[in-house]
Amino acid sequence: MKIVFLGAPGSGKGTQAQRLVADFSMVQISTGDLLREAVAAGTELGRRAKQAMDAGELVSDEIVLGMIRDRLQKPDVDGGFILDGFPRNLSQAHSLESMLAELGKRLDAAVLLDVDFDILMKRLTGRRTCSKTGKLLNVYFSPQAELDACGAAGGELIQRADDNEETIGNRLDVYRQQTEPLIAYFEQAGLLRTVAGAGDMDAVYARIKGVLGL
Ligand code: AP5
Ligand code: MG
């Protein structure tokens, strides 16, 4: 299955993508993760992306499209993929359409994780990633046993550089202005599946599987 996860910062795209990857033979393609890896590795691409990411702005389409083009040509995408955080504006959506047509692939669905903006700030300021397992956790919402398991596995709980209130505010503005128009775009394409993204993480996952027929 080939899907796009659409939703505001903190809506749960990464969390729910990790679950689909664990249960089905799909790969997660997160442009945010790929960009953070490039920043951490200190590559030229990472240096060019860092300033925009720290400010909560979008990185240039040229950089992101190059990354996606490379990634979609790897053989592991044949079992299905989840595009997490891409496309992010209409121009990226049009480029994706032509890229997939060239590769002879078609999207099955665009899943919108719909969450009220007032709960996103708490999710984002509380987010931590386990350095050992990569699991997404939350100091407010994850069970204590899951938080403790990271340390027990020899990992540390890491906070993302852009998860501070000021940058989060800008990321939410950018989402409203540039990414929200994609909801209508995917609706017109007949691909939009909207899922209520608030509440228990397991319940959200069950709703996603429901709209995808999994
Ligand atoms: P990116 O990494 O994509 O960040 P984002 O879109 O801001 O989304 P997040 O990763 O913050 O949220 P998420 O929906 O994955 O939520 P999560 O599951 O972690 O992008 C970062 C930056 O890279 C951008 O600002 C931009 O600069 C650049 N970039 C990336 N893609 C780009 C593109 N295509 N073009 C241009 N630039 C690009 O959940 C959040 C927290 O909530 C976690 O702690 C989780 O445990 C918790 N949580 C999840 N679900 C629930 C629930 N149901 N109840 C309670 N807590 C929950
Ligand atoms: Mg994410």
Side-chain angles (χ1 to χ4, degrees), residues 4-21 28-40 45-46 48-69 71 82-93 95-96 111-117 119-130 134-143 146-147 150 157-164 166-180 182 195-208:
V4 164
F5 264 176
L6 201 59
S11 58
K13 303 181 295 295
T15 301
Q16 299 297 340
Q18 286 186 346
R19 292 179 176 223
L20 286 177
V21 168
Q28 175 190 10
I29 304 178
S30 158
T31 39
D33 288 349
L34 292 170
L35 287 165
R36 279 184 289 280
E37 280 163 24
V39 170
L45 188 151
R48 286 168 61 200
K50 187 175 184 323
Q51 204 182 351
M53 294 177 78
D54 285 345
E57 300 289 338
L58 293 187
V59 171
S60 75
D61 287 353
E62 175 227 334
I63 290 183
V64 173
L65 288 168
M67 279 181 353
I68 288 284
R69 191 169 289 118
R71 188 65 189 85
I82 306 144
L83 289 171
D84 161 5
F86 176 89
R88 240 354 196 254
N89 57 29
L90 280 170
S91 140
Q92 291 182 9
S95 299
L96 174 65
V111 178
L112 169 66
L113 294 175
D114 191 21
V115 180
D116 282 347
F117 270 53
I119 66 171
L120 296 174
M121 186 61 84
K122 192 165 181 188
R123 282 195 186 181
L124 290 168
T125 53
R127 172 168 51 195
R128 302 289 185 274
T129 308
C130 179
K135 191 172 167 69
L136 286 163
L137 296 162
N138 196 290
V139 294
Y140 303 118
F141 301 116
S142 295
E146 283 189 16
L147 292 163
C150 177
L157 296 175
I158 309 287
Q159 187 166 25
R160 253 170 61 176
D162 60 350
D163 277 345
N164 59 78
E166 191 187 341
T167 309
I168 292 168
N170 200 36
R171 284 159 59 201
L172 294 173
D173 287 345
V174 167
Y175 174 77
R176 279 198 195 94
Q177 287 158 18
Q178 302 194 45
T179 311
E180 252 179 13
L182 295 183
V195 165
D200 184 73
M201 295 182 207
D202 293 337
V204 176
Y205 185 50
R207 282 178 216 133
I208 291 172

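Counting starts at 1 for both ligands and their atoms, following the listed order.
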Can you list the atoms of ligand 1 that are under 4.0 Å from a heavy atom of [X]?
{"X": "Gly85", "result": "31 (N), 32 (C), 33 (C), 34 (N)"}
{"X": "Leu136", "result": "18 (O), 19 (O)"}
{"X": "Leu124", "result": "11 (O)"}
{"X": "Arg36", "result": "2 (O), 21 (C)"}
{"X": "Gln92", "result": "33 (C), 34 (N), 35 (N), 36 (C)"}

Taking distance alone, with no angle check, do [X] and ligand 1 share an N/O pair under 3.5 Å?
{"X": "Glu57", "result": "yes"}
{"X": "Ser30", "result": "no"}
{"X": "Phe141", "result": "no"}
{"X": "Phe86", "result": "no"}
{"X": "Arg160", "result": "yes"}
{"X": "Thr31", "result": "yes"}
{"X": "Arg127", "result": "yes"}
{"X": "Arg128", "result": "no"}
{"X": "Leu137", "result": "yes"}
{"X": "Gly10", "result": "yes"}

Is there a donor-acceptor pair closer than 3.5 Å between any side-chain N or O of [X] and the backbone N or O of [Y]?
{"X": "Lys13", "Y": "Gly7", "value": "yes"}
{"X": "Arg171", "Y": "Asp162", "value": "yes"}
{"X": "Thr31", "Y": "Gly85", "value": "yes"}
{"X": "Thr129", "Y": "Gly134", "value": "no"}
{"X": "Ser95", "Y": "Ser91", "value": "yes"}
{"X": "Asp84", "Y": "Phe5", "value": "no"}
{"X": "Lys50", "Y": "Leu35", "value": "no"}
{"X": "Gln178", "Y": "Glu57", "value": "no"}

| Should one rank Arg88, Met53, Arg171 by closest heavy-atom distance to atom 20 (O) of ligand 1, which comes out on top? | Arg88

| request: Look at atom 15 (O) of ligand 1 and find which of Gly14, Gly12, Ala49 reaches it with the closest heavy atom. | output: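 Result: the heavy atom closest to atom 15 (O) of ligand 1 is in Gly14.
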
| said: Regarding Asp200 and Arg207, does a basic nitrogen lie under 4.0 Å from an acidic carboxylate oxygen? | reply: no

| Salt-bridge contact Arg19-Asp202 (side-chain N to carboxylate O under 4.0 Å) |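 Looking at Asp202 together with Arg19, the answer is yes, because their closest N to O distance falls below 4.0 Å.
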
| field | Asn138 and Thr15, any side-chain heavy atoms less than 4.5 Å apart | value | no

| Looking only at heavy atoms of Ser142, does any of them come nearer than 4.0 Å to an atom of ligand 1? |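 No, that is not the case, since the closest heavy atom of the residue is not under 4.0 Å from the ligand.
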
| contact_flag Gly199 ligand 1 heavy-atom lt 4.0 Å |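 A heavy atom of Gly199 does come that close to ligand 1.
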
If you have a sec, work out which protein heavy atom is nearest [atom] and how many Å separate them, to one decimal?
{"atom": "atom 52 (C) of ligand 1", "value": "Arg123 NH2, 3.2 Å"}
{"atom": "atom 49 (C) of ligand 1", "value": "Thr15 OG1, 3.5 Å"}
{"atom": "atom 47 (C) of ligand 1", "value": "Asn138 ND2, 3.8 Å"}

Counting only heavy atoms closer than 4.0 Å, does ligand 1 sit against the backbone of [X], its side chain, both, or neither?
{"X": "Lys13", "value": "both"}
{"X": "Ala8", "value": "backbone"}
{"X": "Val59", "value": "both"}
{"X": "Leu35", "value": "side chain"}

| Of Arg123, Arg36, Arg127, which is the lone residue that meets salt bridge (charged side-chain N to carboxylate O under 4.0 Å, His left out) with Asp163? |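 Among the candidates, only Arg127 passes.
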
For [X] versus [Y], what's the shortest heavy-atom pair and its separation?
{"X": "Val204", "Y": "Gly199", "result": "CG2-O, 4.1 Å"}
{"X": "Leu96", "Y": "Pro87", "result": "CD2-CD, 3.9 Å"}
{"X": "Leu120", "Y": "Ala8", "result": "CD1-CB, 3.6 Å"}

